[in-house]
Q: 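So that we are looking at the same thing, I have put the structure below in structure tokens.
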Amino acid sequence: MTRDGCPGKHHPGLHDRISRLPWRDITLDHYDRPRVHHRNEIRRLKAAIFDHIDYLGARQALQVVRWRQEKTKGKLTIERVYLITSLHPGEATGAQLAAWIHGHWGIENLLHPVPDRTFREDDSKIRTGHLPRTMASPRNLAISVHRQDGRTNIAAALRRTARDCQRPLTALGLT
């Protein structure tokens with residue numbers, strides 16, 4: 001999956017086909033203006049019904065546009081994301097779709113910063129073949145074991161584990 005929700009590597013051209021739909025002519029399904037953390041946001045969602053884009057099971061294409069303005073710096077960021085869903089039109093309201101998408105991004109945001117901040121994953125020089133995924137597996141396992149053990153601060157959990165190497169085995173039920 002690419003970061004924008006479209007499986008670009010496995011379905012070449014899908015992102016382009018979805019992004020070229022006549023989004024300007026499609027009515028707005030959901031609009032939200034939450035105030036979160038230290039920024040103002042505007043989120044807009046549009047859904048397009050299609051049957052002419054070759055993707056098995058897809059019933060709708062979605063466009064989410066998010067405007068974010070940082071309150072402190074005033075920096076404005078506009079992000080346009082395209083997604084597909086197997087839901088038939090009318091199975092979910094625009095508000096429900098927006099909530100599901102927002103919830104998914106919440107999970108993504110919970111997962112991705114930990115490997116980068118705690119393990120400095122983005123600084124890794126390993127970039128080719130299967131090795132990046134292979135190296136990510138033990139990091140993800142460590143994060144999962146600590147989360148399953150009730151730890152929310154993974155860096156602190158790793159420091160605690162370093163003092164007693166039996167702790168992760170106990171968390172896994174192996175001792």
Side-chain angles (χ1 to χ4, degrees), residues 1-37 39-69 76-117 119 121-122 124 126-148 150 152 154:
M1 297 285 277
T2 60
R3 231 181 124 83
D4 60 355
C6 285
K9 182 167 42 169
H10 302 292
H11 300 276
L14 180 60
H15 180 271
D16 288 336
R17 287 183 296 218
I18 292 173
S19 67
R20 292 176 196 217
L21 290 172
W23 292 108
R24 290 178 191 245
D25 301 332
I26 296 170
T27 59
L28 190 63
D29 283 308
H30 182 71
Y31 175 88
D32 192 18
R33 195 177 185 142
R35 288 205 168 91
V36 280
H37 305 292
R39 63 182 181 264
N40 293 322
E41 285 193 15
I42 297 174
R43 298 183 199 133
R44 296 175 41 165
L45 176 118
K46 293 181 177 185
I49 304 163
F50 64 84
D51 58 5
H52 61 282
I53 294 179
D54 262 346
Y55 192 82
L56 185 63
R59 301 287 177 258
Q60 295 182 82
L62 308 173
Q63 180 194 59
V64 178
V65 181
R66 294 189 300 182
W67 286 267
R68 288 189 210 141
Q69 185 168 32
L76 177 66
T77 305
I78 300 172
E79 181 180 32
R80 185 170 281 115
V81 180
Y82 298 99
L83 304 110
I84 55 175
T85 180
S86 61
L87 292 172
H88 291 277
E91 280 189 70
T93 66
Q96 288 172 316
L97 289 169
W100 291 335
I101 293 165
H102 186 68
H104 174 76
W105 283 333
I107 293 167
E108 290 288 315
N109 291 338
L110 178 68
L111 295 177
H112 290 296
V114 173
D116 187 33
R117 283 186 307 213
F119 294 108
E121 197 172 63
D122 287 349
S124 175
I126 300 168
R127 305 231 185 270
T128 58
H130 296 287
L131 204 49
R133 184 174 292 174
T134 303
M135 295 304 293
S137 295
R139 292 190 286 256
N140 291 337
L141 175 64
I143 292 166
S144 297
V145 166
H146 290 301
R147 287 213 194 279
Q148 185 176 1
T152 54
I154 302 302

Q: Could you pull out all residues at least two apart from Asp32 that satisfy salt bridge (Lys or Arg N to Asp or Glu O under 4.0 Å)?
A: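 Expected list: Arg43.
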
Q: Please give me the minimum heavy-atom distance between Thr27 and Lys46, naming the atom from each residue.
A: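 Looks like O-CG, 3.7 Å.
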
Q: If you take all heavy atoms of Met135 and Pro138, which pair is closest and at what distance?
A: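 What the structure gives for the nearest pair is O-CD, 3.3 Å.
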
Q: Kindly compute the distance separating CH2 (Trp67) from CZ (Arg80), expressed to the nearest 0.5 Å.
A: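 Reported to 0.5 Å precision, the distance equals 7.0 Å.
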
Q: Is there a side-chain contact between Leu87 and Leu97 (heavy atoms, below 4.5 Å)?
A: yes

Q: Measuring from atom NE2 of His15 to atom CG of Leu83, what distance do you get when rounded to the nearest 0.5 angstrom?
A: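 Result: 9.5 Å between the selected atoms.
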
Q: How many angstroms lie between CD1 in Ile42 and CZ in Arg33, if you round to the nearest 0.5 Å?
A: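 Nearest 0.5 Å value for the CD1-CZ distance: 4.0 Å.
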
Q: Within the structure provided, determine whether Ile101 and Val81 are in side-chain contact (heavy-atom separation under 4.5 Å).
A: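 A side-chain contact is absent here, since even the closest heavy-atom pair is not under 4.5 Å.
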
Q: Got a sec, which residues hit salt bridge (Lys or Arg N to Asp or Glu O under 4.0 Å) with Arg68, two or more places apart in sequence or on another chain?
A: Glu41, Glu79

Q: Between CD of Gln148 and CD1 of Ile143, what distance do you get to the nearest 0.5 Å?
A: 14.0 Å

Q: Work out which heavy atom in His30 is nearest to a heavy atom in Ala95; give both atom names and the distance.
A: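 Looks like ND1-CA, 3.4 Å.
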
Q: Please examine the side chains of Arg147 and Ile154, heavy atoms only from C-beta on, and report whether any two atoms are closer than 4.5 Å.
A: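 They are in contact (side-chain heavy atoms under 4.5 Å apart), so the answer is yes.
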
Q: Taking atom CD1 of Ile26 and atom CD of Gln63, what is their separation to the nearest 0.5 Å?
A: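 Going from the CD1 atom of Ile26 to the CD atom of Gln63 covers 7.5 Å.
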
Q: Return the orientation label for the Trp23 and Tyr82 ring planes: parallel under 30°, perpendicular over 60°, tilted otherwise.
A: tilted

Q: How long is the straight-line distance from CD1 of Ile84 back to CZ of Arg59, given to the nearest 0.5 Å?
A: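 That separation rounds to 11.0 Å.
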
Q: Report the residues that fulfil side chain to side chain donor-acceptor pair (under 3.5 Å) with Asn40, sequence neighbours left out, ordered by chain and then residue number.
A: Arg35

Q: If you compare all heavy atoms of Ala48 against all heavy atoms of Leu21, which two are closest, and at what distance to 0.1 Å?
A: CB-CD1, 4.2 Å

Q: With sequence neighbours excluded, what pairs up with Thr134 under the side chain to side chain contact (heavy atoms under 4.5 Å, CB included) test?
A: His130, Leu131

Q: What residues, two or more places apart in sequence or in another chain, satisfy side chain to side chain donor-acceptor pair (under 3.5 Å) together with Gln60?
A: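 With neighbours one apart ignored, the set is empty.
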
Q: Among residues at least two apart in sequence or on other chains, which ones pass salt bridge (Lys or Arg N to Asp or Glu O under 4.0 Å) with Glu91?
A: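 For Glu91, no residue satisfies salt bridge (Lys or Arg N to Asp or Glu O under 4.0 Å) once neighbours in sequence are set aside.
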
